[in-house]
Amino acid sequence: MKVIRNVAGMKAIRKTLAEPVGFVPTMGFLHAGHISLASQSKKDNASTIVSIFVNPTQFGPKEDFDKYPRDEQRDLAMLEKAGVDITFLPSAHEMYPSGFNAWVEVEGITTRLEGAVRPGHFKGVATVCNKLFNIVQPSKAYFGQKDAQQVLVIKKMVSDLNMNLEIVVMPTLREADGLAMSSRNSYLKPDERKAATVLYRALLKAKEMRRAGEHNAESLREAMTELIQAEPLAKIDYVSIADAATLQELEHLHSQTLVSLAVRVGEVRLIDNVLLP
């Protein structure tokens, strides 16, 4: 596995790679979910590139950029074991050099859910993904379903800007007790880690109600909210029952539905979701 730390070097080595090329963009501190994306890319493509870049432009001023978990040597060992061909590890200055002032914004779906709580977040996400796609020039890029709104934003950008690229979405990987794998799980204290399972339990509640024939979206929201509020360490940012394509909140479940939530457990903000048919 080759490790490349600058844009010029990445562009140069890209020309030598066997086609097609798969790409997995990450912010590092990797877990089994990231490795599943790389493994799928290995199956689908002749070459696989993974990037590790904690993108400063998608963090708000009071968010956790400075303390976001980082462990470069551990990450590189995991990627080498997974058979990744290239790891791209640029610095913030390499990605945003002096005078940088060009941005990509996807409107509409970015105003809801995470976008409403984290203004400017998706501007940073869309811009860095656009830059990475331009640098790496992949045939396919791989993302996890856990970041459902991010996936919709990236798909919309790729479609609207006519990028020659396929976005592949892989299922959320979970711990044995249902907690969605996330780099931020490392922040959780033991009692918070136990309490964090309330997110998945709330999502399962929505699935059970839907299977039982419930069509009223507000009934699902109320049941999920009640379950979460029973956990003393949990504080709700939002509980959403929305159209899976537009993220418009629903009154009645008449289309594919994204059930999503953001919950603070202690000081740690966690997100999760499931799709209902």
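Between atom CG of residue Leu76 and atom CG of residue Asp71 there is a gap of 9.5 Å, rounded to the nearest 0.5 Å. How far CG of Leu152 is from CZ of Arg112: 10.5 Å, rounded to the nearest 0.5 Å. Here the CE-CG distance, from Met157 to Asn162, works out to 12.0 Å after rounding to the nearest 0.5 Å. To the nearest 0.5 Å, atoms CG (Leu270) and OG1 (Thr197) are separated by 11.0 Å. Taking CZ of Phe88 as the start and NZ of Lys2 as the end, the distance is 16.0 Å to the nearest 0.5 Å. The CG atom of Asp147 sits 8.5 Å away from the CG atom of Asn273 when rounded to the nearest 0.5 Å.
Using a 4.5 Å cut-off on side-chain heavy atoms (C-beta onward), Val125 and His121 make contact. Within the 4.5 Å cutoff, side-chain heavy atoms of Val21 are placed close to those of Ile49. Contact annotation: the side chain of Val274 never approaches that of Leu204 to less than 4.5 Å [non-hydrogen atoms, C-beta and beyond]. For the pair Ile154 and Val151, the minimum side-chain heavy-atom distance is 4.5 Å or more.
If you check the side chains of Ser255 and Asp243, you find a donor sitting under 3.5 Å from an acceptor. Side-chain polar atoms of Thr110 and Glu105 form no donor-acceptor pair below 3.5 angstrom.
If you run side chain to side chain contact (heavy atoms under 4.5 Å, CB included) between Leu220 and each of Thr225, Val239, Leu250, Ile241, only Ile241 comes through.
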Glu63 vs Arg269, salt bridge (charged side-chain N to carboxylate O under 4.0 Å, His left out): CA-CA, chis, key distance, verdict: CA-CA 10 Å; Glu63 294 184 352; Arg269 187 174 184 277; over 6 Å; no
Trace of the side-chain hydrogen bond (donor to acceptor under 3.5 Å, both in side chains) decision for Asp64 with Tyr187: CA-CA 11 Å; Asp64 59 342; Tyr187 296 157; 2.9 Å; yes
Pair Tyr96-Asn55, side-chain hydrogen bond (donor to acceptor under 3.5 Å, both in side chains): steps then yes or no: CA-CA 10 Å; Tyr96 301 107; Asn55 176 36; 2.6 Å; yes
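Under the rule for a side chain to side chain donor-acceptor pair (under 3.5 Å), the partners of Asn45 that lie at least two apart in sequence or sit in another chain are Ser41, Tyr142.
Listed for the Lys42 side chain is no donor-acceptor partner under 3.5 Å among the backbone atoms of Ala82. His252 places no side-chain N or O within 3.5 Å of a backbone atom of Asn216 that could act as its donor or acceptor partner. The closest donor-acceptor contact from the side chain of Asn130 to the backbone of Ala126 lies at 3.5 Å or more, if one exists at all. Using modelled atom types, one side-chain atom of Gln149 and one backbone atom of Glu114 make a donor-acceptor pair closer than 3.5 Å. Of the possible polar contacts, one joining the His34 side chain to the His31 backbone as a donor-acceptor pair under 3.5 Å is found. Between the side chain of Ser186 and the main chain of Ser183, a donor-acceptor pair closer than 3.5 Å is present. Judged by distance alone, with hydrogens and angles left aside, the side-chain atoms of Glu222 form no donor-acceptor pair with the main-chain N or O of Ser219 at under 3.5 Å.
Leu258 and Ile236 are assigned to two separate hydrophobic clusters, defined by single-linkage of ILVMFWY side chains at heavy-atom distances under 4.5 Å. Neither Val168 nor Leu275 shares a network with the other; the hydrophobic side chains, linked directly or stepwise wherever heavy atoms of I, L, V, M, F, W or Y lie under 4.5 Å apart, form separate groups for each.
At least one test fails for Arg14 against the ring of Phe23: distance under 6.0 Å to the centre or angle within 45° of the axis. Figure legend: cation-pi geometry between Arg74 and Phe29, with NZ or CZ positioned under 6.0 Å from the six-membered ring centre and within 45° of its axis. For the pair Lys131 and Phe100, the NZ or CZ position fails the cation-pi test of under 6.0 Å to the six-membered ring centre and within 45 degrees of the ring normal.
Around NZ of Lys140, the count of heavy atoms belonging to other residues, nucleotides or ligands within 6.0 Å exceeds 12. In the displayed structure, Asp160 atom CG is contacted under 6.0 Å by more than 12 heavy atoms of other residues, nucleotides or ligands.
Looking at Asp272 and Arg174, a side-chain N of the basic residue comes within less than 4.0 Å of a carboxylate O on the acidic one, giving a salt bridge.
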